[in-house]
Amino acid sequence: MPKPKIGFYWCASCGGCEESIVDVAEAILEIAELVDFAIWPVAMDFKRADVEALEDGAITATMINGAIRTSEQEEMARLLRRKSQVLIAYGSCAHTGGIPGLANQFSREAVMRYVYHDCPTVVNPQGTEPQTEYHDEGRVATLPEFRDVVRSLDQVVDVDYYMPGCAPNPTLVLAAIRTLLSGVLPPKGSVLAPDIALCDTCPRIDTKPVDLEVATFKRTHLHKVDPDVCLLTQGFLCLGPATRSGCGERCIRGNMPCTGCFGPLSNVHDHGAKMLSAMTSILAAEEEDDIDKALEGIPDPVGSFYRYGLPVSMLRRKVDLPFGHRN
Amino acid sequence: MDPIEREIRYESDRDPTFADEIRAMPGCELMDRCIQCATCSGICPMSDAMELTPRRIIELTRNGFKNDVLRANTIWLCTSCYQCQVECPKKIGITDIMYALKSKAIESGAYGKKFTIPILAREFYAMVKANGRVSESRLVQRLFMKTQPTRFLGMGRLGMKLMKTGRFSNKVERMRNPEGLRRALEALPTDGRKRS
Amino acid sequence: MPEDTQPRILAFFCNWCTYTAADLAGVSRMKYAATSRVVRVMCSGRIDPQFVLSAFAKGADGVLIGGCHPGDCHYISGNTKCLRRHRLLKRMLADMGIEPERLRLEWISASEGDRVKTVINEMTADLKRLGPLKLPERCVAWDVEAIDEEPDHAEAVAKEAVHA
Amino acid sequence: MMTELHQNGQEEVRIGYFVCHCGTNIAAMIDVAAVAEYVSTLPNVVVSKDYRYMCSEAGQDLIVQDIKEHRLNRIVVAACSPLLHERTFRTATQRGGINPFFCHMVNIREHGSWVHEDRAEATEKAKALARGAIGRVKYHKALEKRREPVTPAALVVGGGIAGIQAALTLANTGKKVYLVERDPTIGGHMAKFDKTFPTLDCAACILTPKMSEVYAHPNIVLWTYSEVEGIEGYVGNYQVRVRRKARYIDEELCVGCLDCVDECVFKVGNVDDEFNVGLSKRKPVYMPFPQAVPKLVVIDPVACTHLNGGNCQKSCVDACERAAINFDQTDTIEEIKVGAVIVATGFKTFDPKRKPLYGYGKYPNVYTALEVERLVTSCGPTEGEVVCRDGRTPKKIGIVHCVGSRDHQTNRWCSRVCCMYSMKLAHLLHEHTGAEIYNFYIDIRAPGKGYEEFYERLQEEGNHFIRGRVAEITDIPKVAEEEGMLTIRVEDSLAGFVRRIPVDMVVLSTGLEPHADSQDVRRMFNISCSREGFFLERHPKLAPVSTTTDGVYLAGCCQGPKDIPDTVAQAGAAAAEALTLLDTGYVEMEPSVSVVDPIFCSGCKTCLNLCPYHAITRDDAKGVAVINPVLCKGCGVCVAACPSGAITQNLFEDREIFEEIEEVLAYA
Amino acid sequence: MRYAYFPGCSLKSSGRAYEESFLAVCRALEIGMDELDDWNCCGATAYMSVDEANSHVLATRNLALAERVGLDVVVPCAGCYGVLAKSKEYFEKYSSVRNAVTTGLAAGGFAYEGRAQVRHPLDILSNDLPPRALRSKVKKPLKGLKVACYYGCRLIRPVSPFDDMHDPQTMDGLLKSVGARMVEYGLKGKCCGGSLTGTVPEAGLPMCYDLLKEAHRLEADVIATACPLCQFNLECYQDDIAKKHPDLKPMPVVYFTQLIGVAMGLDPKDLGLHRQIVPIEPLLREKGILGGEDAKPKAKEPAAAGGRS
């Protein structure tokens, strides 16, 4: 019986998810034994034509990481959807839009202007910007289109499972691959991580007082962080209470507050709004101006609460940004 | 006995817009809250000499009896001491209403030829328009000439004393350049009201 | 649909104070714009910021939260929690391009029926000036971009959505 | 998207929608037929009809029949405010055979037809609200009203006529009553009155029997010179802390013989006698008034030399054969459990110093009405002989109505009783002194039974009634007759001219206003108060003696100015309302409490400190939060804050509210 | 301490003594008073009856001048003070007044945003001076002088930002701190008849008579006022009133600033004492306040700047 085919592909991503697969260390050999790789651009030289040559559903499972920003990424996502039985949104970018999703706060022009003109380190006297077509003596070079909106994978194609995390940690990756290969699949649409928040397994939970109250939110780079005491109790914005566990509390063990990369629990409709509600409710301040003073420690609520999930939030994008035109 | 005049008022005696005109003036908008409690008449120092007490003036004004209101001497005896406005339990601007009625009376000329108070007001107005300031002595002279020449002669003794103590000067008080003020005072639309 | 021109306000009223005040406004036959849709909650502290975002996402042009005056809360301090959430939510919405007039928090006690009338009329006027938010239509337009087959279709829908 | 909404099991949802005409109240402004027609097209809707009076028997029967006939398992009624008839329609739903909480109300009258002027828009709004309700109601679960036992005892705060009447009515039904009064004696303001209008029967004759009945009543625990310090708990289960101020007298031993008062070092009173409103002095050890209940003396720590650290031979101690005086007594705190509270804290009179033009405090012969009550009563400081402060017996007296009332500078409201007690005082003063009495009024308000007749009687007695609000009282004479007199300048608005009336004595009929500490009292009992500061009843017509807080009732002038007949009637009503609570023995609590789902709770402790009722604790073994349903009041604060969405509030679940939002806005 | 100073028309003629004494007292207390450049008449009680909207423009122009020099404006004459204070309040309270004033002033090249405050000498001497500043300057306390302080209407009505509307005490307080004894003057806030004493004397003069009679009844030596119109009515018509009420004895009527000046030992000439119709100097000399030994004119102090127009 031919070995099942596995595919990896990356869209608007930083490559961290690709590395996390290799992080399983020697176990990669065990996987290599069991499967064939149909496509893995970062590691193997597969071309798009090779994938198109396969019949539909030839690939047992494809893990796509990275958000969808360009037309090419949309095409590849649709192509791999057709070609795969199981499509997994791998990592925060594919799962909830990830860090690239934060660009939904800026218009396409603003992004272009900054990257190709205003950025202090860019030297671009001619002011060239990427064009979708370029003619040079009869020859035409094309580039994919740079869309206005960053979207998560499931906003473009139908997704079977989600592997949360920025990037997902090796233990969960291995567990996922083994369950996939075992053929006993969880219900469609499941998030392949425990449906319980970090505090459940956080080593510092006992240092968290019963009469929890935050006087004012503090920035981690301005204060000394006590390595033993619950970070939220110290006044740092730790989003552990509102984020799925399964990551092994690696940030907290690194003495930094959780930033919510594993995404919301299943009962939550909008991760950012829920985090905001939880974190502000426990403030000690009662009057309006005291509350505002205590919240000065959260200068950028969108950045803090939608760090990995702006595209899948209810508002999705800064509402007054222009869209729908060709460059 | 004087010849019988009808005292009854028909609705046609009412001026329908009169109340609204007064109500539109700043300070006069709360007229309708009046419960006719008569505190204003009680506190008004001049009410013992008034043909219509302030309370009746408010009642007649809000019902539009323009002629009755403007013919009475009440509005002229009001020295704008504001006691009624301060004591009114319903915070009605009674003194502001009296001022509004005075300007209505001057506008419609509803007063006797020789009646001193409106004449003083118009003389005052004219002098401010001309010089931007008022010269008291000249104002008093012009007033008495126009209304009660005999009384002016009687004031002679007082006049002498004032002159001796330097409190009566014939100098015309005038602004350096009343131009700016004159333009300011003409800027507002007079909406047809006579400003004589 | 006459509905289009009128802004739509989703109002979360606390049962003990603002909802009762709105009833009082009704009993006193006060008149105000028919633009508000009231969702009753037991306390303004029950209003989850997710409800506010959901209201905007599902097409509301404005959200009004009504609660008891500080010190009057039937549950002692529910309104204080509401105020804490509101202060940061207001800032976050501003960062997401939603004008401040679209989310309003008002403390209205059970005897202030006229306040309900004034606030709703004021908010209706503000929202008429700002124009409709139309978030559902914008979302559709944002996703249309992905369907490559008919680019001009994408443009048409986008235009229509925004300038409707 | 990826969140799974918990479907409500597989049971098919069959909704019945009923929109009410409410006569023309709704139908006049909302096209109810069109709404019913539209709703019939919505999913899960089996029955959709409009009816003229849904809350009538026939309307309710309609629901019952339709449930049976069409096997309905959800009911939506679009009519008036749920605060009014939610209970009615839930009972009807239950009579139809399904759980009452499968019924949901939509408010299209108070929030709809009554407040909108555009029929089309009001109808659109009704359709949108209907669609929201239809969406929401499918998630409703079967719930049971929780029953909590009720402590069969009541607390009555305030020992005036209102508190006395309420306490007696309750105690006579066998219930235990704690009556707490701030002053050393009960009786309140009424004890200070001589006669009462309109029948002129003597206040003491009708009050003192009730006071002694209270003292003797086996079911009433009477705590005077005491104040409520704190109250915790909820309807049926209030824990109350009462501070019993030290009397420095042993209540068991003292028999009120007043020997100690006679022997006190102060031969003459050294402080103002509060009971006689300052007209006379009293000693540091005193009995408020002869018929005081309880019949005990009390030592005033402020006035007593010994208690102020001075040295005094304490002749009072020697004088008391029963050694009842005990200077070491300290305040004690009593803890009691009660099921209901009746707040009857009464009123205070307006301080006429706030109207300086009336000259109270500047001219000696200007009195307040309460002072005159004490002057004319036989057991008053002057034994009923009306003598002014400057010694003269008044021959002409002016009574000024509406002092402080109907006045935007001070109190905007009419205090309702001043016209009547002014007439009563006019009668008594005329009777005692034969003086000529002038009443200066704005409007004579004599609405009660026998009140107009009393007014007629006063007129026939020759009292002058001058319609005009007194602006100013002065002692500066303008004409000879005004020498040495107080002149009242007023416009006799019926005659149409201003008059100056010289009088010997002026009585200021001061209005009624809330106590200075009414805000603190209101916060303690968690009730709200109107803009003026009077406590707010739940509904002026439908629930005039209860408050928005279950188990707390109002009686007497603390709810608004009223005369004694109304106060006694209201006290009886408050007692009856409290009785229904105490007698049923249990109270049905709304099931809208919150519940933690241990599967999703990460034990993150966010919710624990948010609950003002300390209803949430953490089970450290399992590492999850647990809500005590008895303490939970169902505010939902923890639900909105729970970062995992692990807490749900019955009747206000997240999925229900999200669905309502989506459907209301999906309409158009 | 520096203020803009609005004299008003009366202080340049019948009320010159008020201006002289006020400026003398301010100089002695080192309070800077810069007369508003090219001020205009406030409109008093007359202008308002003719043209209500423009009366506010007229009054507020002076406030615009004060705003231009960035100082609060001090208005000694109670009449002018009442008009300016009321215009300022109605400017803030009524949009119709605000629009009229803004358009009117703009046409005249002026602008007023409501920053300049309207103050009165009684206010700044009672509240702005350091506590013992006035008392320390007293050389001749007014011992034995019984004063009836008369406030009149416009100082305390319809707006009364610095004193109690029903029982004003600032003038009493100031004169008490310079040694005078006060009488309980019940009519301190009653009207003096205003312009009626001139236009309708049979209605106006009885008002003055009541005030004078009450002062005599309380055995006051002098009535102190803060308004040139009240001073004129009470002092100059005493002869007319005496025709109808022969029992009326002469009663000196002065400005409170004159009394303060006397207590500070300033030159009577600078205080305009010589401008009295009913003389005050004999009374003061009799009380030993204007001392016998320096009854002769003292060596002239440096010519008093300003004030003398």
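A note on names: the letters A, B, ... follow the listed sequences, proteins ahead of strands, and every chain is numbered from 1. Keep in mind the model is a prediction, meaning the values are calculated, not measured.
- Only the side chain of Glu87(B) comes within contact range of chain E, with at least one heavy atom under 4.5 Å from a heavy atom of that chain.
- Within 6.0 Å of CZ on Arg6(B) lie more than 12 heavy atoms contributed by other residues, nucleotides or ligands.
- Judged by distance alone, with hydrogens and angles left aside, the side-chain atoms of Thr116(B) form a donor-acceptor pair with the main-chain N or O of Thr199(E) at under 3.5 Å.
- Side-chain atoms of Leu162(B) and Ile277(E), non-hydrogen and from C-beta on, do get closer than 4.5 Å to each other.
- Contact of Leu158(B) with chain E is made through the side chain alone, with heavy-atom distances under 4.5 Å.
- The part of Ser195(E) that comes within reach of chain B is its side chain, from C-beta onward, which places non-hydrogen atoms under 4.5 angstrom from that chain.
- In this structure, no portion of Thr102(E) lies under 4.5 Å from any heavy atom of chain B.
- There is no contact between Glu89(E) and chain B, counting heavy-atom distances below 4.5 Å.
- Of the atoms belonging to Asn99(E), not a single heavy atom falls under 4.5 Å from chain B.
- Considering CD1 of Ile156(E) and CD of Gln83(B), their distance stands at 8.0 Å, rounded to 0.5 Å.
- Counting heavy atoms from C-beta outward, Met98(B) and Met48(E) have side chains that stay 4.5 Å or more apart.
- Shown here is Arg182(B), whose CZ atom has more than 12 heavy atoms of other residues, nucleotides or ligands within 6.0 Å.
- Only the side chain of Glu173(B) has a heavy atom closer than 4.5 Å to any heavy atom of chain E.
- Expressed to the nearest 0.5 Å, how far CZ of Phe124(B) lies from OG of Ser49(E) amounts to 9.5 Å.
- Only the side chain of Asp240(E) comes within contact range of chain B, with heavy atoms under 4.5 Å apart.
- With rounding to the nearest 0.5 angstrom, the OH atom of Tyr99(B) is 8.5 Å from the OG atom of Ser55(E).
- Side-chain N or O atoms of Arg275(E) include none that pairs as donor or acceptor with a backbone N or O of Arg167(B) at under 3.5 Å.
- The CG atom of Leu188(B) sits 5.0 Å away from atom OG1 of Thr103(E), with the distance rounded to the nearest 0.5 Å.
- Between Lys161(B) and Asp239(E) there is a salt bridge, since a side-chain N of the basic residue sits under 4.0 Å from a carboxylate O of the acidic one.
- A 4.5 Å side-chain heavy-atom check between Val200(E) and Ile117(B) finds at least one atom pair inside the cut-off.
- Counting heavy atoms from C-beta outward, Val128(B) and Asn40(E) have side chains that stay 4.5 Å or more apart.
- Heavy atoms closer than 4.5 Å to chain E are found in the side chain of Leu143(B), but not in its backbone.
- Of the two parts of Lys86(E), only the side chain, counted from C-beta on, holds a non-hydrogen atom closer than 4.5 Å to a non-hydrogen atom of chain B.
- Of the atoms belonging to Ser10(E), heavy atoms from both backbone and side chain fall under 4.5 Å from chain B.
- Contacts between Leu58(E) and chain B at a heavy-atom distance below 4.5 Å involve backbone atoms as well as side-chain atoms.
- Formation of a donor-acceptor pair under 3.5 Å by the Asp38(E) side chain with backbone atoms of Asn177(B) is found in this model.
- The two residues Gly198(E) and Phe144(B) have their closest heavy-atom pair at O-CE2, 3.8 Å.
- Between the OH atom of Tyr125(B) and the CG atom of Asn54(E) there is a distance of 6.0 Å, given to the nearest 0.5 Å.
- With no hydrogens or angles considered, no side-chain donor-acceptor pair links Gln276(E) and Thr165(B) at under 3.5 Å.
- Between the side chain of Arg133(B) and the backbone N or O of Trp39(E) there is at least one donor-acceptor pair closer than 3.5 Å.
- The contact between Tyr47(E) and chain B is made by backbone and side chain atoms together, counting heavy-atom distances below 4.5 Å.
- Using a 4.5 Å cut-off between heavy atoms, Ser96(E) touches chain B through its side chain atoms alone.
- Looking at Arg157(E), its side chain does come within 3.5 Å of a backbone N or O of Cys81(B) through a donor-acceptor pair.
- No side-chain heavy atom of Asp96(B) sits less than 4.5 Å from a side-chain heavy atom of Glu52(E).
- The two residues Ser80(B) and Thr45(E) have their closest heavy-atom pair at OG-CG2, 3.4 Å.
- Counting only distance, with no hydrogens or angles, the side chain of Glu136(B) and the backbone of Ser14(E) share a donor-acceptor pair below 3.5 Å.
- Under the 4.5 Å side-chain criterion, counting only non-hydrogen atoms from C-beta, Val97(E) is not in contact with Met25(B).
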